[in-house]
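Excluded from the calculations below are hydrogen atoms, water molecules and symmetry mates; all remaining heavy atoms, backbone and side chain alike, are included. Convention: sequence-line order gives letters A, B, ...; per-chain numbering from 1.
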Amino acid sequence: MANDVWVYIEHKDGNASPMSFELLGIGKELADNLGSSVCAFVVGENVENIAKEAFSYGASKVYSVEDGVFKGFRAEAYAKAASFLLDKYKPEVALFRATSQGTDVSAASAASLGFGLCTDSIGIKIDGGQIKLTRAAFGGNYTVTVVNEKAKPQITTVRPKAFAMPEKDASKQGETVKESFSIAESDLNTKVLEFIKSEVAVNLVEADIIVSGGRGVGGDDGFKMMKELADILGAAVGASRAAVDSGWISYEHQVGQTGKTVKPKIYIACGISGAIQHLAGMRTSDCIVAINKDPDAPIFKNASYGIVGDYKQVVPKIIEKFKTKLNK
Amino acid sequence: MKIVTCIKQVPDTEAEIKWDIPKGTLKRDGMDPIINPFDEFALEEALLTRENFDGDIIAISMGPEKASDVLRNALALTVNEVHRLTDDAFAGSDTYATAYILAAAIKKIGDVDVVFCGKQSTDGNTGVVGAELASILGFSQLTYVSKVRQIDAANKKIVVERSIEGGIEVIEAKLPAVVSVIKGINEPRLPNLMGIRKAAKIEIPAWNADDLGIDKAKVGHEGASTKVVEIAVPPPRGAGEILKGELEDIANIVTDKLIDLKVIK
Ligand SMILES: Cc1cc2nc3c(=O)[nH]c(=O)nc-3n(C[C@H](O)[C@H](O)[C@H](O)COP(=O)(O)OP(=O)(O)OC[C@H]3O[C@@H](n4cnc5c(N)ncnc54)[C@H](O)[C@@H]3O)c2cc1C
Ligand SMILES: Cc1cc2nc3c(=O)[nH]c(=O)nc-3n(C[C@H](O)[C@H](O)[C@H](O)COP(=O)(O)OP(=O)(O)OC[C@H]3O[C@@H](n4cnc5c(N)ncnc54)[C@H](O)[C@@H]3O)c2cc1C
């Protein structure tokens, strides 16, 4: 159907990444509004199971391209297959997650189809029959609303967690449409040599809880304390740029305009002043707890709960309380 | 080796931003422009690459007159050649139009082995121009690069590390390639006084749509498929509650409140 809503499903070696069905929820809402269906599309080697899972999260159809050449993610190969599907079926809108994979595939697909896209949407609505996408710009100081009148499908990446994960119902079924599309290995420019799993495996973007340290935690010992609190809560460790630049923690932990954008349910900011560039990355967290010894620190204007004090006293006390209350 | 580096001029984030609301574009005049922070890493990577090979670095920037400043800065850092891509018709370009214009310049430069660009700008913030460039040019698409391990110019190969969710992916790719880099890949150097003095005297050459053989209908407001229709300031979060009292009580309250959210397992 011409005005269907399509959702791109990410996976690693045939296993869908846990949150890749997230967009089927908002996709369904849009489709209902457009009087159409929400469909999933997937490129890979063995993706049968993914199709089944997509149905259980609400997809009514799954379009797939399967071929040995798609074993292991490669942006250019996946983008060629994705744009083949998008060009052939011309859905109304195609949603990708704003992850490295989603961004790579959507950008290359849009470019090969010859039009722009909106990235990192945090709001999607249909207004007068037109799809309006809202995204952050300027480090979150502004939101801009973008329309795409000329292109079909309209392509957008969506910030992880901007919309709720749909309920799973394993009994749901749907139709699978298998398309044959392949590329000769010799026509591809890239080869994946290896994947080195990160020791820290900080998946800040997907974390529900983040304990973040800034310049105020003073060094490695401060981050040991952040880690201790994080471990109790099952949280990831974040950091301000000042802490990263001081060499206390690696860049992959940086939250902010030039770091990662996160949206956990709980963000605990310790010794972070709350500069706009830091806020840019975390201001949409559901609950922000700020611990800072300066009562005038701007972070307090954005915090759900503020604690004025030295983190060296506050954090151990909080750790102690959590240990007792959570039986850890 | 022929190396191109794409540099965007962006407004300083500390500064007040002025909008041309009807057009949905920025009023760039009167704003304090800086080099897009990620592009400093791209430029440094270009300089490091040139140090290992004979070659030239050509820096390009699409932007108004003011964008000459970032190119002059690149000249002070000893890049060999710069071009400002400018035409009234370019204003209001979306990411695709931008990538198309940059690609036209890269084609005009010719025989380019590697293009370095930043992961993302701090104004438009879309983070897709690099991938789009690669797609338009048919070059290898290497994004989120945290390390260039090896370039084999003779065999036209490059090996890079990409920092993605959950770890590092090592990729070997054919040259030419577009490499978009993240922070941490290197430590950008600063220009020296002599470089700055020399660069100050150089006229920054400009290429317009005709020079680039660009169809004006495909770029700018006219050509862009993506249009900004509304700009707003996000609603303030609203300051919450400052917890007061004895530390013991504060710690009790805050931990209770967080446990009540039912997120902690
Ligand atoms: C283009 C650009 C991009 C940027 N991108 C980012 C980004 O992505 N992320 C980012 O974070 N920043 C970014 N910045 C930097 C940003 O402007 C700030 O400099 C940075 O966020 C400050 O980090 P901080 O809050 O940890 O340090 P500071 O501003 O130094 O604040 C430290 C805080 O700790 C408090 N403190 C000190 N000791 C204690 C203690 N014992 N207990 C409790 N509190 C204590 C102090 O009161 C102070 O508020 C960027 C800047 C620019 C110009
Ligand atoms: C507030 C705002 C919101 C916008 N939203 C959208 C949108 O949703 N969709 C859309 O298609 N367009 C959008 N645009 C337009 C878009 O930002 C411009 O097309 C811009 O020229 C390219 O996008 P970027 O700055 O986001 O680049 P990014 O993709 O973030 O930049 C990546 C790299 O590309 C290179 N690069 C980018 N632009 C240039 C340049 N002019 N000269 C040299 N190198 C460059 C740099 O190396 C940079 O590090 C928006 C613009 C603004 C100001």
Any donor-acceptor pair under 3.5 Å linking the side chain of [X] with the backbone of [Y]?
{"X": "B:E165", "Y": "A:S100", "value": "yes"}
{"X": "A:E76", "Y": "B:Q141", "value": "no"}
{"X": "A:K321", "Y": "B:E248", "value": "no"}

Under 4.5 Å from any heavy atom of chain B - which part of [X]:
{"X": "A:I209", "value": "side chain"}
{"X": "A:T145", "value": "both"}
{"X": "A:Q254", "value": "side chain"}

> Is any NZ, NE, NH1 or NH2 atom of the basic residue among A:K150 and B:D94 found under 4.0 Å from an Asp or Glu carboxylate oxygen of the other?
Replying inline: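 A salt bridge is absent here (no side-chain N lies under 4.0 Å from a carboxylate O).
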
Check whether any side-chain heavy atom of [X] sits under 4.5 Å from a side-chain heavy atom of [Y], and report yes or no.
{"X": "A:T258", "Y": "B:F38", "result": "yes"}
{"X": "A:L279", "Y": "B:R237", "result": "no"}
{"X": "A:F195", "Y": "B:I168", "result": "no"}
{"X": "B:L247", "Y": "A:V314", "result": "yes"}

> If you count the non-hydrogen atoms of other residues, nucleotides and ligands that lie under 6.0 Å from NZ in B:K265, is the total more than 12?
Replying inline: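 Result for NZ/B:K265: open.
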
> Do you know which of B:T98, B:V254, B:T126 has the most heavy-atom pairs under 4.5 Å to chain A?
Replying inline: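 The answer is B:T126.
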
>> I'd like to know which of B:D256, B:L142, B:V159, B:L261 tops the heavy-atom pair count under 4.5 Å against chain A.
In response: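 With the most close heavy-atom pairs to chain A, the winner is B:D256.
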
>> Counting only non-hydrogen atoms closer than 4.5 Å, can you tell me which residues of residues 298-311 of chain A sit against chain B?
In response: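 Only A:F300, A:K301, A:N302, A:A303, A:S304, A:Y305, A:G306, A:I307, A:V308 of residues 298-311 of chain A have a heavy atom under 4.5 Å from chain B.
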
>> With no hydrogens and no angle check, just 3.5 Å: does a side-chain donor-acceptor pair link B:T255 and A:K325?
In response: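 Yes, because at least one side-chain N or O of B:T255 sits under 3.5 Å from a partner of the opposite role on A:K325.
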
>> Below 4.5 Å, heavy-atom pairs only: which of A:T284, A:I288, A:I232, A:D286 has the largest tally toward chain B?
In response: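 Ranked by contacts with chain B, first place is A:I288.
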
